[in-house]
Amino acid sequence: MSERRGQVAVLDFGAQYTQLIARRVREAGVYCEIWPHAATAAALRAAGVRAVILSGGPASVYEPGAPQADPALLAGGGLPVLGICYGHQLLAKACGGRVEADPGGREYGRAELEREAGDDTLLHGLPSHTQVWMSHGDTVLQAPPGFRPLAHTDRSPVAAMADPAGGRYGVQFHLEVAHTPLGSEVLRNFLFGICGLQADWSMASFAAEAIAAVRAQVGPSGRALVGLSGGVDSAVAAELVRRAIGDRLTAIFVDHGLLRAGERAEVEAAFAGRMPLRVADASDRFLGALQGVTDPERKRKIVGAEFIAVFEQEAARIGPVDFLVQGTVYPDVVESGATGKAAQTIKSHHNVGGLPERMRLQLVEPLRTLFKDEVRRLGQELDLPHDLVWRQPFPGPGLAIRIIGAVTEDKLATLRHADQILRDELRPLGLGQAHLWQAFAVLPDVRSVGVMGDARTYGHLVALRAVSSEDGMTADWARLPHDVLERIASRIVNEVAGVNRVVYDITSKPPATIEWE
Ligand code: XMP
């Protein structure tokens, strides 16, 4: 992969919105990456960074151990800096402004931003009043010497400030969220008007660079393997590498018997003509290993271990190979701490962890710097089939983690059938795409009493889960139309043998997760 780390660095102070800031910058056509909050001005300069954004974060600037930035970045006169929320407070405090805990508690939610007269820098072109999104406990009461307040809200006397001579700017509001409708204007003012950057980053340029980088990494005779999961990440990674090295790439698809209805055929149809493809039918082996296992993390480990074993077996039949292509995406890199952030492990998603080391393969990860929606745009750029590009994420352990309790052939058949009905009913509504992050059926280990005809039944419960999300890290339950839910429920109860009750999951993430296990 190219070593270029982007013209803009977003320093991560722990906000849930940090990735969103990075994405907004890229949407403006400027490549950027997330850095640890303690990155030094010298390191940023050495990497070619030309502007710095300080993210928000959960801490108070007065807390002991509150995350700090390199003082050289805040001193002014160096790289241009834009602080957002916590970053704004940090800048204000470090430069001698007055920052205090808001006596009224947190300012949270929508607020009206009123501009002060005479600013033509950060808020250039905005109306005198505009809506912004606030979420903070500390408030900047007075701008530091050398800074000019640019705007206020009811509760924030210095909701935006600027020191144009020193290249330092701050906003209390979250310009990156959709609830700040003109947020991207503010960002563009910073990137283009203030920092003089060019919007030169596009998917076409990314694809060309990434293909060249893969070619350089694999060399003129290197051979590579890719494991297709049916998902968009591995598909896009595979296609990109194919464009770089042609049929020196072989794809392996492991059918672990935990797939949804029709999935294997879809993968075969999409890839068989594109690259050498080996399909391993290993359902018996996976189901055997999973027999009687109820613990979710054990299920994941078993599926991961079996997957590696089958993959190795298949790979051995291909002959010598040097590289393994993986569809690792940017949120995986950020979550695994590579940018300095230590995220807690809620579920272990590293389905094939350990594979490259065991097989002595070097990793090729051409999507490491992309967000999921960018991967989809790249897939379109590479002319992959529409349905594949817009496929919902599907977990590596498949239906094993959607069957609560032990996995059996019967339960798999029940769940597959119910899930297919759900997907059938959603497809014509176009809800299978952008609006929904994932929609699926779950088979809890629950039976309940029902009545069919005149007879008492004691059948399975099927739960439906549909969520909207930007990146899978937080999610909201989807407000599916009631008549659609009704149709899905009645079809499932009528058509899927042994099911007599359907429920809809209305929890968001957090506190629940998307998958039930
Ligand atoms: P959770 O359930 O953690 O899911 O809210 C977030 C996203 O990750 C997917 N997921 C997995 N993906 N292996 C995967 O490859 C896993 O073990 C796994 N568990 C959850 C989930 O489908 C959602 O998109």
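For the single chain, residues carry numbers from 1 onward in sequence order. Just so you know, ligand 1 is whichever comes first in the structure, and atom 1 is the first atom listed for that ligand.
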Which atoms of ligand 1 are found less than 4.0 Å from any heavy atom of G472?
6 (C)

Could you pull out, from Q392, Q438, K509, E517, the option with a heavy atom nearest to atom 5 (O) of ligand 1?
K509

If you measure from each non-hydrogen atom of E515 to ligand 1, which part falls under 4.0 Å: side chain, backbone, both or neither?
both

salt_bridge(D233, K372) N-O dist < 4.0 Å
yes

Centroid-to-centroid, W133 to Y108, below 6.0 Å?
yes

Atoms of ligand 1, numbered as shown, that sit under 4.0 Å from any heavy atom of P397
13 (N), 16 (C), 17 (O)

Among residues at least two apart in sequence or on other chains, which ones pass ring pair (Phe, Tyr, Trp, His ring centres under 6.0 Å) with H174?
Y17

In chain order, what residues pass the salt bridge (charged side-chain N to carboxylate O under 4.0 Å, His left out) check against E314, with sequence neighbours excluded?
R278, R317

Should K509 and D476 count as an ion pair when the cut-off is N to O under 4.0 Å?
no

For the 3.5 Å polar cut-off, considering only N or O atoms, please tell me whether I514 and ligand 1 meet it.
yes

Should the proximity of W437 to ligand 1, defined as any heavy atom under 4.0 Å, be assigned to the side chain, the backbone, both, or neither?
side chain

Distance filter under 4.0 Å to R300 heavy atoms, resulting ligand 1 atoms:
16 (C), 17 (O), 18 (C), 19 (N), 20 (C)

Check ligand 1 against T513 and write out every atom of the ligand that is under 4.0 Å from a heavy-atom position of the residue.
1 (P), 2 (O), 5 (O)

Below 4.0 angstrom, N of the basic side chain to O of the carboxylate: do E515 and R465 qualify?
no

